[in-house]
Amino acid sequence: MAKSYDFKKIEKKWQNYWYNNSVFEVHEDLSKPKFYGLIEFPYPSGSGLHVGHVRAFSSIEVVSRKKRLEGFNVLFPIGYDAFGLPTENYAIKTKQHPRLVTDKNIANFTKQLKSLGFSFCWDRVVDTTQPDYYKWTQWIFLQLFKKNLAYKSTTLVNFCPSCNVVLANEESQQGVCDRCGTTVVQKEKDVWFLKIRDYAEKLLDGLNDVDFPERIKVEQQNWIGKSTGAIVTFPIEIGKEKLYVDVYTTRPDTIYGATFLVLAPEHPILKENIQKIQNFEEITDYQESALSKKEFDRIQMNKEKTGILVEGMKAINPITNQAIPVFTADYVMMDYGTGAIMGVPAHDQRDWDFAKKFGLPIIEVIKGDVDVQEEPYCAKDGVGVLVNSPLINGLNVPDAIKKIILEMQSLKVGYPKVDYKMKDWAFNRQRYWGEPIPIINCPKCGQVPMDEKDLPLELPHLEDFSPSDDALSPLAKCTEWVNTICPKCGGKATRETDTMPQWAGSSWYFLRYMSPKDNNYVVNPNAYKYWGQVDWYNGGMEHVTRHLIYSRFWNHFLYDIGVVTHKEPYRRRSMQGLILGADGEKMSKSLGNVVNPDDVIKEFGTDVLRTFILFIGDYEKPAPWSPDGIKGSDRFIKRLWNLQDYLVDNCDTSDVNLDAVIKKVSDDIEACKFNTAIAAVMEAVNGFYSRGKITINEYITVCKLIYPIAPHITSEIYHILTGEYIEKSDWPKFDPKKLIEDCIEIPIQILGKVRGKVTVEVNATEEEVINQVKELGLLDNKTIVKVIYVKNRIVNFIVK
RNA sequence: GCCGAAGUGGUGGAAUGGCAGACGCGACGGACUCAAAAUCCGUUGAGGGCAACCUCGUGCGGGUUCAAGUCCCGCCUUCGGCACCA
């Protein structure tokens, strides 16, 4: 009898072996194919590692361990995305410096990750808060600034009143702060933006070149929100004065049905001409209420339309030359299109609602199957034929759009225009714990970029880093840091005091891993040449419209300035489903359903945790934690160990087809189907138990197959069996010939129902099968009408 | 409202259009034990029959096919994302 498996001792033993001997360190090696596997580096929070992290990291961990045995040179790095609000808020609350908090948290994460036995390249760890790292984050910002892709502008921004901080659109989805859940308010502020919109087209195109799950692509496409339409210029008459307002529409073909014009309450033409508007008081009130409403109600849809007629303004439809009324209404948004629309009530639900409320005429211009006085006809994909539209009558919608745009262009009243829902990226935060923005404000020269050789611009050590009520960065208080000299004119100047958002450091970290210690390059060209694209990147669905878009944007930019040679940073992307609590709810402290990986490791060991977390279900789907289910993985690991009692020198029965298992496990790991890979090995182990025998070679193969998932126990067994180290062995190969059995059992269907089975030789002819079935007597007293025989699969008899 | 994913035993979940329920949990039975745990070996979708077997079964309703969990059409429900985006 083998000694019972002491996971505490043995797991520690192998972890020491791996980490003390730098088993997973890699260097560029042209003699081997490379594999760059990446997981989203964690935010080192105070609460430590979560079982969700274990699932998220396990996929690439398993793939990496397998690829190494397959002879790949594997880069599987780890680091910490450590700037940001949670640490800063925690630091303020506990009166510790964020540097201290960060270092403590990183130390804790490192310890936990090592106790999980992950095969990270520990010599390449990056920490986004270290000056030698953020030097390059700042460097990239300077390149963006120099290419006019970073600009400062005063706008209404999403502002979190609780965190006292400006949020990017991506951080305030659903109108609440990503971090604290407080409802976001609109505030006018000086804001740094990165022109991600300039990259919208490249980000869309790039999706064709990458192996991402379809739903990620769709989600990114929707987020970018490309629409094709036209700008149409409407003359506006105020008394004798004539102004022009641009309207954006995706349906210029419906212009004959435009019976009113609506301006967003914030539209500048209202502000600029307020004294000429007869009912300006009413308008001003409405603007104010719209602004404050934006927080709550403007987010709600399908609410009652409101709006005010702008008295004294008239718009002229540039195609019909007819005068139409001008309104302001909060259903028109200033930050999309031009902030002004032409109202076509017959063919747009919102315009229809508005027209009904204000008694405006509804003119049908697309023939549909409804009475547009009763409901709008909003057929998708331009179904229908134009009516009541002299220039384009009788045309279908796509043709009508083409023709009317040409007409507008020749009249100089409109032109085609592509627009995107995605906004530019609000890039500054009034917070301490972030990368300082390396820009100097000079009274003479304006915004001056720092000299690159002066980077990094280090974050000064502050004792008081709490945010002030005036929404100024804590850095503003540090005058000896703020006051500086203009690099251009040498005069007195001040530093930008806002810092970068947390997403900055994570937008390029995958490049830093290739040459983490290089002081001369953002990424060393030789290292880049070797490692290139990330081959496989796993992460969470929640980052699809944040980190994944931002980092693709930065990489495209770095491509454009010649720093990298792949447009797309990630060749393949996969994502893990959430681990839910045992109650099926999302794990949260308040529900008390959080599972701490440390506790599980203490009770069952790392191999059991790793096996279970991958066995729990489809990798991409959410799965509830099961305190009972893990017992199954525990039993499996023990059974694997106890196979030592069944070892024989040789065994001629071949009732376990290990070749098929090798194929299945190899394929399944590549396809992220870890649950069925594990099931296949379990089945094999069960097979050896019922046979009561296992040979050394079989045992070695089983160990190798499950090694990527449970590396500790398999390292130990392998070492016991061979005296060697499993890391130095090869991934098992299968013999394709052995995948095909000599004889095969095929089901017999009669009228589509299974009535029996026959065992025949592989590739048996239809005749042979029919003869065998007849011998069974299943077809007695029946007349065969038709036989469907699918070789090696099934036979179906249609009988009378 | 729009976009996307999904609905299979008591339970987590498997199934290139070809034997539905692999593998695991739980439950039941047996071996071992003074006993229990652990371990090992069975049984386990529902209903019927002494039985060999039969009938019904993948959210609901239709359809295509020799054959449908899988494909098509129409619904229902749940979850995720976007949302007065012109």
Side-chain angles (χ1 to χ4, degrees), chain A residues 1 4 173-175 213-223 225-227 229 247-251 254 262 264 297-303 305 329-333 335-344 347-351 353-354 378 380 419-423 541-542 544-545 577-578 582 584 611-612 615-618 620-633 635-636 638-639 642 673 675-683 685-686 689-690 692 745-757 785-790 792-799:
Chain A
M1 282 287 276
S4 73
Q173 294 179 26
Q174 287 158 344
E214 202 52 35
R215 59 190 173 113
I216 290 185
K217 292 190 182 184
V218 168
E219 216 173 284
Q220 291 208 344
Q221 281 159 358
N222 290 345
W223 182 256
K226 179 176 180 173
S227 70
V247 149
Y248 178 68
T249 176
T250 54
R251 295 295 301 278
T254 62
V262 188
D297 310 321
R298 247 178 127 174
I299 291 162
Q300 299 301 314
M301 235 192 38
N302 296 334
K303 72 177 170 68
K305 293 279 176 293
D330 63 2
Y331 83 93
V332 175
M333 304 289 146
D335 53 11
Y336 184 74
T338 59
I341 60 150
M342 59 181 206
V344 183
H347 306 292
D348 182 282
Q349 182 70 51
R350 294 151 306 169
D351 294 347
D353 292 345
F354 193 79
C378 317
K380 292 275 167 256
D419 207 357
Y420 304 93
K421 281 193 227 174
M422 183 171 65
K423 311 278 191 311
M541 213 47 206
E542 70 276 20
V544 169
T545 55
L578 228 52
T611 306
F612 181 60
F615 182 67
I616 201 163
D618 185 330
E620 290 191 352
K621 286 192 203 132
W625 180 261
S626 163
D628 274 331
I630 195 166
K631 288 186 207 158
S633 301
R635 271 178 212 148
F636 167 63
K638 285 192 180 122
R639 278 164 74 82
N642 291 335
K673 291 164 77 174
N675 52 340
T676 50
I678 294 167
V681 179
M682 285 177 169
E683 223 175 334
V685 169
N686 291 346
Y689 268 83
S690 43
E745 191 181 52
I746 64 170
I748 306 153
Q749 290 187 346
I750 292 170
L751 291 170
K753 290 194 174 173
V754 179
R755 291 294 182 229
K757 283 163 196 176
V785 180
K786 195 178 169 188
V787 180
I788 295 109
Y789 174 56
V790 183
N792 302 331
R793 283 242 170 245
I794 204 160
V795 62
N796 190 5
F797 293 92
I798 310 306
V799 296

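Protein chains get the first letters and strands the later ones, always in sequence-line order, with residue 1 at the start of each.
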**Asked** Gln220(A) CD to rG80(B) P: how many Å, rounded?
**Response** 20 Å
**Item:** Student check: side-chain heavy atoms of Val344(A) and Thr249(A) closer than 4.5 Å
**Value:** no
**Prompt:** If we take the C1' atom in both rG49(B) and rA38(B), what is their distance in whole Å?
**Reply:** 40 Å
**Prompt:** Does rA51(B) have a Watson-Crick or wobble partner in any strand here, with both distances under 3.5 angstrom, and which is it?
**Reply:** none
**Message:** As a test of the definition: with a 90° window around 0 for syn, would you call rG57(B) syn or anti?
**Reply:** anti
**Prompt:** With a distance cut-off below 6.0 Å to the six-membered ring centre and an angular limit of 45° from the axis, does Lys305(A) pair with Phe354(A) as a cation-pi contact?
**Reply:** no
**Request:** Check whether any side-chain N or O of Lys621(A) sits under 4.0 Å from OP1 or OP2 of rG12(B), and answer yes or no.
**Result:** no
**Fill in**
Of rC66(B), rA86(B), rA14(B), the nucleotide closest to the side chain of Asp618(A) is rA14(B)
**Message:** If I take atom CD in residue Glu620(A) and atom C1' in nucleotide rA14(B), what distance separates them, rounded to the nearest angstrom?
**Reply:** 16 Å
**Prompt:** So do the side chains of Gln220(A) and Val218(A) get within less than 4.5 Å of each other, counting heavy atoms only?
**Reply:** no
**Request:** Before giving the answer on side-chain contact (heavy atoms from CB on, under 4.5 Å), spell out for Trp625(A) and Phe612(A) the whole-Å C-alpha distance, their side-chain angles and the decisive distance to 0.1 Å.
**Result:** CA-CA 9 Å; Trp625(A) 180 261; Phe612(A) 181 60; 3.8 Å; yes
**Prompt:** Would you say the side-chain atoms of Tyr331(A) pair up with the backbone N or O of Val262(A), donor to acceptor, closer than 3.5 Å?
**Reply:** no
**Fill in**
Applying the 3.5 Å cut-off to both distances, the Watson-Crick or G-U partner of rA31(B) turns out to be rU39(B)
**Prompt:** Using the P atom in both, what is the distance from rG9(B) to rA46(B), to the nearest Å?
**Reply:** 12 Å
**Asked** If you pin Tyr336(A) and Arg755(A) to their nearest nucleotides in RNA chain B, which one's is more 5'?
**Response** Arg755(A)
**Prompt:** Across all strands, who's sitting opposite rC56(B) as a Watson-Crick or G-U wobble pair, both distances under 3.5 Å?
**Reply:** rG45(B)
**Asked** rC84(B) and rG80(B): how far apart are their C1' atoms, nearest whole angstrom?
**Response** 22 Å
**Message:** Using a heavy-atom cut-off of 4.0 Å across all strands, would you classify Phe636(A) as base, sugar-phosphate, or nothing?
**Reply:** nothing
**Message:** Using a 4.0 Å heavy-atom cut-off, does Thr250(A) contact any base of the nucleic acid, only the sugar-phosphate backbone, or nothing at all?
**Reply:** sugar-phosphate
**Distance, C1' atom - from rC2(B) to rU70(B), rounded to whole angstrom** = 27 Å
**Item:** Gap between atoms CZ and C1', on Arg639(A) and rU39(B) respectively (whole Å)
**Value:** 10 Å
**Request:** May I have the distance from Tyr248(A) (atom OH) to rC85(B) (atom C1'), rounded to whole angstrom?
**Result:** 9 Å
**Asked** So which nucleotide does rG4(B) pair with, by the Watson-Crick or G-U wobble rule with both distances under 3.5 Å?
**Response** rC79(B)
**Prompt:** Given the P atoms of rG24(B) and rA14(B), what is the spacing between them in whole Å?
**Reply:** 15 Å
**Asked** Given atom CD1 of Ile216(A) and atom C1' of rG81(B), what is their separation to the nearest angstrom?
**Response** 12 Å
**Prompt:** Any side-chain N or O of Lys753(A) less than 4.0 Å from the OP1 or OP2 oxygen of rC56(B)?
**Reply:** yes
**Asked** Considering Watson-Crick and G-U wobble pairs with both distances under 3.5 Å, what does rA22(B) pair with?
**Response** none
**Asked** Rounded to whole angstrom units, what separation is found between the CZ atom of Arg635(A) and the P atom of rA38(B)?
**Response** 7 Å
**Prompt:** Going by heavy atoms in the side chains, are Arg215(A) and Val544(A) under 4.5 Å from each other?
**Reply:** no
**Item:** Side-chain donor or acceptor of Asn796(A) paired with backbone N/O of Gly752(A) under 3.5 Å
**Value:** yes
**Request:** Mark up nucleotides 15-23 of chain B, 5' to 3', with B wherever a protein heavy atom is under 4.0 angstrom from a base atom, S wherever such an atom reaches only the sugar-phosphate, and - elsewhere.
**Result:** SB-BB--BB
**Request:** Can you tell me the pairing partner of rC84(B) across any strand shown, Watson-Crick or G-U wobble, with both distances under 3.5 angstrom?
**Result:** none
**Request:** Rounded off to whole Å, could you give me the CD1-to-P distance for the Ile750(A) and rA67(B) pair?
**Result:** 15 Å
**Asked** For atom C1', what is the distance between rG59(B) and rG7(B), given to the nearest Å?
**Response** 6 Å
**Asked** Among the nucleotides rC84(B), rC41(B), rG13(B), which one has an atom lying closest to any side-chain atom of Asp330(A)?
**Response** rC84(B)
**Fill in**
One should read off an interatomic distance between Asp353(A) CG and Asp348(A) CG, to the nearest 0.5 angstrom, of 8.5 Å
**Asked** What is the distance from CG of Asp348(A) to P of rA83(B), rounded to the nearest Å?
**Response** 18 Å
**Request:** Return the 5'-most residue of the pair Ile630(A), Ile341(A) with respect to RNA chain B, ranking by each residue's nearest nucleotide.
**Result:** Ile630(A)
**Request:** Would you classify Arg215(A) as touching base, sugar-phosphate or nothing, given that sugar-phosphate means primed atoms plus P, OP1 and OP2, and contacts are heavy atoms under 4.0 Å?
**Result:** sugar-phosphate
**Prompt:** Mind checking the C1' distance from rG47(B) to rC60(B)? Whole angstroms is fine.
**Reply:** 22 Å
**Prompt:** Using the P atom in both, what is the distance from rA86(B) to rU78(B), to the nearest Å?
**Reply:** 28 Å
**Message:** Are Ile798(A) and Ile788(A) packed together at the side-chain level, in the sense that at least one heavy-atom pair is separated by less than 4.5 angstrom?
**Reply:** yes
**Prompt:** Does any nucleotide pair with rA15(B) by Watson-Crick or G-U wobble geometry, both distances under 3.5 Å, and what is it?
**Reply:** none
**Spatial distance of atom OG1 (Thr676(A)) from atom CZ (Phe615(A)) [nearest 0.5 Å]** = 9.5 Å
